[in-house]
Amino acid sequence: MIINELRPREDYIYIRALTSIRNSLDRLLPPASLPREYLIAEPPENIDADFSYPLSRERVALSDQEKIAKEVSESLSRDLGLSATVQVTAGYLNIKLDSNQYTSEFFREFSSMGDSYGTHGNIRLKIVVEHTSANPVHPLHLGHARNSCLGDTLARLLRFYGTNVETRFYVDDVGRQIAVLVYGLSKLLDEGKSIDTLSSGWKIDHWIGKIYALTNLLVEMNALKKELKNASDEKYRELIGKQDELVGEIARLRDEVPEAFEVLSSKIMQDEEPEKEIARISILYERGDRGVASQYRHIIEKVLQGFKETLERMNVKFDKWDWESDLIWNGEVERILSQARRSPIFSSVKGSEGLDFSLIINEKVKIELNIPKEMEIPPLVLKRSDGTTLYPTRDIAYSIFKFKESKADYVINVVGKEQMLPQAQIRLALYALGYPDLAKRLIHYSYEMVNLKGFKMSGRRGRYITVDELIQKAEEMAKIELERRNRNLDEIQSRAISEKIGIGAVRQSLVSISADKPITINLEDIINFEKNTGPYLQYTYARASSLLRKAEEKGESFAGISEDIDPITWRIIRKESAFPYIIYKSAKELKPEILVAYLGELAQMFNKWYDTVPVLSDPEPSSRRMKLQLVASTRAILKNSLYILGIEPLEKI
RNA sequence: GGGCCCGUAGCCCAGCCAGGAUAGGGCGCCAGCCUCCUAAGCUGGUGGUCCGGGGUUCAAAUCCCCGCGGGCCCGCCA
């Protein structure tokens, strides 16, 4: 999963050095099967060098090794005007750069680029990131938190890199789930009250989540009761067990929304065939029935309002909100269906209209569309027998819409791993229906599930931890930690800071783990404030900021570098000069965790340096000025990175 | 039954794509550091059959094969 078009900007010193070394190796060595820059790395700490390359893998004669060392050194001097001593030790080419020359070049480019340090210019590439897209039937929960943080961070990262990014939220308002909610809610609204009145005291999406879950459970109960009537003895026992479970779930919700429960339970349990009614509503909505549509939209807008509040707290914003139903009403979905009917892979699947991919699928197609070799793709049913559409059908239309409407080069769908198969089917459908290029540029950015220890989450049953609860918990913990330090902050300041720290903790932790690892957490784990966390970065930033504030007050200058650069300082400078490369790499590979890991290392180096090296009290002016420049560059890198992570920098903590 | 992913210290994770120097961080635990720029910090110590077994290679946590354990998917749900 990479964005192939992204290239590193060639005028950063770190990237120039890397390129120069790679070029000289390529000149003297036989062609390699992979770009040699991948293997040019920082050596272990006990080796006194800045870059190294494992020459032993190249099987070159000893005499040639010397020649290579000489060429690498000469080319660095020629290409960058940088003196370097290059030696071969233990099969490694070890390159040691002139730290003074390198440092002054680093500071020069840093000061000339200012706030944009680390970007790669404006790339003519449009990327759509669709993420979160939660069903508007319950509040955002832990799984969505991971989705939102990943999606939003990817969008910010690509934007910072220099591509043109548009974020989109798909309002999934068609299908059974939402119809269940409308069915239940309409029973309550029949009494003549408004949603706002009924939900008073609740955050609207939280209340609606309860109503949805309760409706679902009562509908299930209704069906179960009927099944019980004509069940055999053996079956009866099994169903009774299931009933007990349902009763437990319902009782839990009854206690939370007692008034709604009274109305819903009597009405739904009396209903002869709730499923029929749910299907009827759903069909009417797809047809665009005015009454039903206004009812639907009214309810969904309420839930979206709740989503927006939560997302705003997390610093997540969307450029566009797309309604699934619009794609049906404006004929986009019907167009897909008629294209499908004309396609050679159109077939009858279990008596319904569908696509049979077995006719087009082969190894080449699988590779092109990023589908695993061994994966079997079952046929895709496009329509229910009642004539309504299925989600993948609508999503085919939506995929094309995203490409067309945004004039996108890539569309990234941040969607759970469990939807791997339908996502693959959508790519195949695009491929088969005449959009092979779009199919190749539709990326399923998949992430694994988030679970709570000892707790099975279920939206349908109303069992989940909401993002709002998560955030609140994080903020409370941050506040306690903040106030324990005895700062004289008033309540307003204290709350403002702890909100930002709480979000920092949550956002950093959710993107620091690779997306393909399942997360099982307890709330205390996700929120911590020590090393390698969002708050640690915010703290480091605040430290750097206040140092610079003090320096400015004293009228210090930030120019010039000192004669001798000590090893700790040199390490940080090298690290900081790699920042643009890290941005390039994490953007190209769509891996924010690369950036996060880098930031943890940088912050740690800086804190270590900060503790050992006096800055403001350094009596030597040139050394003091260089140190201040280093603090400034650290601060700038942290600032840009925190922006990418959607975490607010704090000037003071 | 088939597929995808994960398995690295008591716990959480990076490294795997692109094989290379004694396998890195963090948490925890133990011992230190605030008359000095923010102690959400810093220093030192503790802790590893890289799930197991084969294979390829000068060299395997990394590549291949066979297993084991866990998660998810295989619906006219999304």
Side-chain angles (χ1 to χ4, degrees), chain A residues 1-2 32-39 41 43-44 46-47 52-57 59 89-92 94 133 135 172 174-178 349-354 372-378 381-386 388-392 394-395 415-422 424 446 448-449 451 459-460 478 481-482 484-485 487 501 505 509 512-514 516-521 525 528-533 535-536 538-540 542-551 589 593-594 596-597 600-601 604 607-618 627 631 652-653:
Chain A
M1 239 171 18
I2 58 167
S33 55
L34 64 127
R36 286 200 166 87
E37 70 187 70
Y38 291 147
L39 296 167
N46 60 329
I47 307 291
S52 71
Y53 181 82
L55 260 190
S56 46
R57 64 182 293 127
R59 300 177 180 281
T89 41
Y92 284 84
N94 284 315
S133 300
N135 283 340
D172 190 3
V174 180
R176 203 194 101 92
Q177 294 196 35
I178 186 78
V349 182
K350 294 182 211 161
S352 195
E353 294 179 282
K373 201 168 60 188
E374 312 288 336
M375 194 162 149
E376 265 185 61
I377 311 289
V381 180
L382 295 167
K383 270 189 163 185
R384 292 188 184 88
S385 40
D386 68 5
T388 56
T389 53
L390 260 6
Y391 142 79
R394 303 185 300 258
D395 216 0
V415 173
K417 171 75 185 307
E418 69 273 14
Q419 293 199 45
M420 183 180 190
L421 177 59
S446 84
E448 274 286 0
M449 312 206 83
N451 285 299
R460 268 179 45 236
E481 188 78 15
L482 184 64
R484 208 176 54 191
R485 292 146 176 266
R487 305 259 175 230
I501 292 176
S509 79
S512 63
I513 297 175
S514 330
D516 54 17
K517 269 198 165 107
I519 303 181
T520 303
I521 49 163
D525 276 350
N528 87 71
F529 302 98
E530 274 141 4
K531 219 166 290 187
N532 234 323
T533 66
Y536 180 69
Q538 287 169 309
Y539 174 74
T540 309
R543 262 185 157 180
S545 288
S546 90
L547 202 46
L548 293 174
R549 229 176 9 249
K550 292 208 161 83
E589 296 180 14
E593 67 269 26
I594 294 176
V596 173
E601 289 161 17
Q604 208 173 340
N607 281 316
K608 181 178 182 154
W609 179 80
Y610 180 94
D611 253 49
T612 31
V613 181
V615 178
L616 294 174
S617 57
D618 188 332
K627 285 174 179 169
V631 177
K652 280 183 188 170
I653 291 182

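These numbers come from a predicted model, not from an experiment. Residue numbering restarts at 1 for every chain, and letters A, B, ... go by the order of the sequence lines.
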Inset, instruction - Please name all residues satisfying side-chain contact (heavy atoms from CB on, under 4.5 Å) with A/Met375, sequence neighbours left out, ordered by chain then number. - result: A/Ile371, A/Pro372, A/Ile377, A/Met420, A/Leu421, A/Ala424
Legend entry - Any A/Ser385 side-chain N or O less than 4.0 Å from OP1/OP2 of B/C76: no
Inset, instruction - With sequence neighbours left out, write down each residue that passes salt bridge (Lys or Arg N to Asp or Glu O under 4.0 Å) with A/Asp611, or none if nothing qualifies. - result: A/Arg543
Taking only nitrogen or oxygen atoms into account, show me every contact under 3.5 Å that the protein makes with nucleotides 1-8 of chain B, one pair per line with its distance.
from	atom 1	to	atom 2	distance (Å)
B/C4	O2'	A/Lys417	NZ	3.4
B/C4	O2	A/Lys417	NZ	3.2
B/C5	O4'	A/Lys417	NZ	3.1
B/C5	O2'	A/Asp516	O	3.1
B/G7	OP1	A/Lys517	NZ	3.2

Inset, instruction - Determine if the base of B/C34 is syn or anti; take syn to mean the glycosidic torsion is within 90° of 0. - result: syn
Any protein N or O atoms within reach of nucleotides 42-46 of chain B? Criterion: under 3.5 Å, listing atom names and distances.
from	atom 1	to	atom 2	distance (Å)
B/C42	OP1	A/Tyr536	OH	2.9
B/C42	OP2	A/Lys531	NZ	2.9
B/C42	O4'	A/Asp611	OD2	3.2
B/U43	OP1	A/Lys608	NZ	3.4

Atom pairs under 3.5 Å: protein N/O with N/O of nucleotides 61-65 of chain B:
none

Inset, instruction - Under 4.0 Å between any heavy atoms, over every strand shown, what does A/Pro43 touch: base, sugar-phosphate, or nothing? Just pick one. - result: base
Inset, instruction - Grab the OH-P distance between A/Tyr539 and B/C37 for me, whole Å please. - result: 11 Å
Legend entry - A/Asp618: partners by salt bridge (Lys or Arg N to Asp or Glu O under 4.0 Å), with sequence neighbours left out: A/Lys627
Inset, instruction - With P as the reference atom in both, quote the distance from B/C76 to B/A9 in angstrom, rounded to an integer. - result: 42 Å
Legend entry - Listed partners of A/Ile513 passing side-chain contact (heavy atoms from CB on, under 4.5 Å), at least two apart: A/Arg146, A/Lys517, A/Ile519
Inset, instruction - Please list, chain by chain and in numerical order, all residues satisfying side-chain contact (heavy atoms from CB on, under 4.5 Å) with A/Pro54, sequence neighbours excluded. - result: A/Leu39, A/Arg57, A/Tyr92
Legend entry - Short side-chain N/O contact from A/Lys350 to OP1 or OP2 of B/C76, under 4.0 Å: yes
Inset, instruction - For A/Glu589, enumerate each residue passing the side-chain hydrogen bond (donor to acceptor under 3.5 Å, both in side chains) test, keeping only those at least two apart in sequence or located in another chain. - result: none
Legend entry - Separation between the P atoms of B/U46 and B/U8, rounded to whole Å: 23 Å
Legend entry - Results of salt bridge (Lys or Arg N to Asp or Glu O under 4.0 Å) for A/Arg384 - residues two or more places apart only: none
Legend entry - Under 4.0 angstrom between A/Arg384 side-chain N/O and B/C77 OP1 or OP2: yes
Inset, instruction - Name all residues meeting the side-chain hydrogen bond (donor to acceptor under 3.5 Å, both in side chains) criterion together with A/Ser56; count only those two or more places apart in sequence or in a different chain, and write none if there are none. - result: none
Legend entry - Set of residues satisfying salt bridge (Lys or Arg N to Asp or Glu O under 4.0 Å) with respect to A/Glu376, sequence neighbours excluded: none
